[in-house]
Amino acid sequence: TSQFQRTRKKYFKNDIALNEKIDSTIELLKQDYLNHSLHYKKINCKKDKKRHSIRIPSTQYRILMTVHEDLTELICICDHDEYNMFNKNC
C-alpha cells in the first residue's frame, strides 16, 4: 500500500542493510509464510479481521498486513511501540 511505501521511505530510506532485510523478509513471506523466523501471527482486530504481522528477522521491526484469500496487503513497518499503538484500538 502507499502507507507501507511511505513508512519505508521515511524511516529506512538511507539504511541499505535494513532495506535488504525488508526485501528478503518479503521474499520469504512469498515463499513460506509459516517460516519460524517470520513469527507470523494473526492479530485480534475488530476493524480488520484479516490483520496479521511478521517480524523482520534480527531487528525490532514488524510488518503489519491484511491477508485476503489471494492477496497480501502490506500496511506498514513499525517498531514494537508503534506496533502496540497501531493495534491498541483495533
Over all atoms of both residues, closest heavy-atom pair of S37 and P57
O-CG, 3.7 Å
Could you state whether F86 and F12 fall into the same hydrophobic cluster, counting links through intermediate Ile, Leu, Val, Met, Phe, Trp or Tyr residues with side-chain heavy atoms under 4.5 angstrom apart?
no
Please say whether more than 12 non-hydrogen atoms of neighbouring residues, nucleotides or ligands are located less than 6.0 Å from NE2 in H36.
no
With rounding to the nearest 0.5 angstrom, report the OH to OG distance, Y61 to S53.
16.0 Å
Note: N19 and K13 closest approach over all heavy atoms is ND2-O, 3.9 Å
Do D15 and K21 sit within salt-bridge range, that is, some charged N less than 4.0 Å from a carboxylate O?
no
Measuring from atom NZ of K50 to atom OG1 of T66, what distance do you get when rounded to the nearest 0.5 angstrom?
9.0 Å
Please tell me whether L34 and L28 are part of a single hydrophobic cluster in this structure, the criterion being side-chain heavy atoms less than 4.5 Å apart.
yes
Does some side-chain heavy atom of I26 sit less than 4.5 Å from a side-chain heavy atom of L74?
yes
Under the criterion side chain to side chain contact (heavy atoms under 4.5 Å, CB included), I'd like the reasoning laid out for E73 against M65: C-alpha separation, chi angles, the key distance, then a yes or no.
CA-CA 5 Å; E73 182 180 12; M65 59 195 168; 6.0 Å; no
Just verifying a value: how many Å separate C45 SG and H52 NE2, rounded to the nearest 0.5 Å?
11.0 Å
Between N44 and R51, is a side chain to side chain donor-acceptor pair (under 3.5 Å) present by the stated rule, with each step listed?
CA-CA 8 Å; N44 293 325; R51 185 174 292 176; over 6 Å; no
Check the surroundings of atom CD1 in I16: do more than 12 heavy atoms from other residues, nucleotides or ligands lie under 6.0 Å from it?
no
Output for pair (T25 OG1, K30 NZ), nearest 0.5 Å, gives 12.0 Å
Does the pair I22 and R8 meet the rule for a side chain to side chain contact (heavy atoms under 4.5 Å, CB included), with working shown?
CA-CA 9 Å; I22 292 168; R8 186 173 181 170; 3.6 Å; yes
From the list L64, I63, I75, side chain to side chain contact (heavy atoms under 4.5 Å, CB included) with F4 holds only for I63
Determine yes or no for a side-chain-to-main-chain donor-acceptor pair under 3.5 angstrom, with K42 supplying the side chain and K49 the backbone.
yes
According to a hydrophobic-cluster definition based on side-chain heavy atoms being under 4.5 Å apart (Ile, Leu, Val, Met, Phe, Trp, Tyr only), do I77 and V67 belong together?
yes
Under the 3.5 angstrom rule, does the side chain of E20 hit a backbone N or O of A17 as a donor-acceptor pair?
no
Locate the shortest heavy-atom distance separating C76 from Q3; write the atom from each residue and the value.
CB-NE2, 4.3 Å
Please answer: with hydrophobic residues joined when any side-chain heavy atoms are less than 4.5 Å apart, are M85 and Y83 in the same cluster?
no
Between atom CG of L29 and atom OH of Y40, what is the distance when rounded to the nearest 0.5 Å?
7.5 Å
Please report the interatomic distance CD1(I43) to CZ(R62), rounded to the nearest 0.5 Å.
8.0 Å
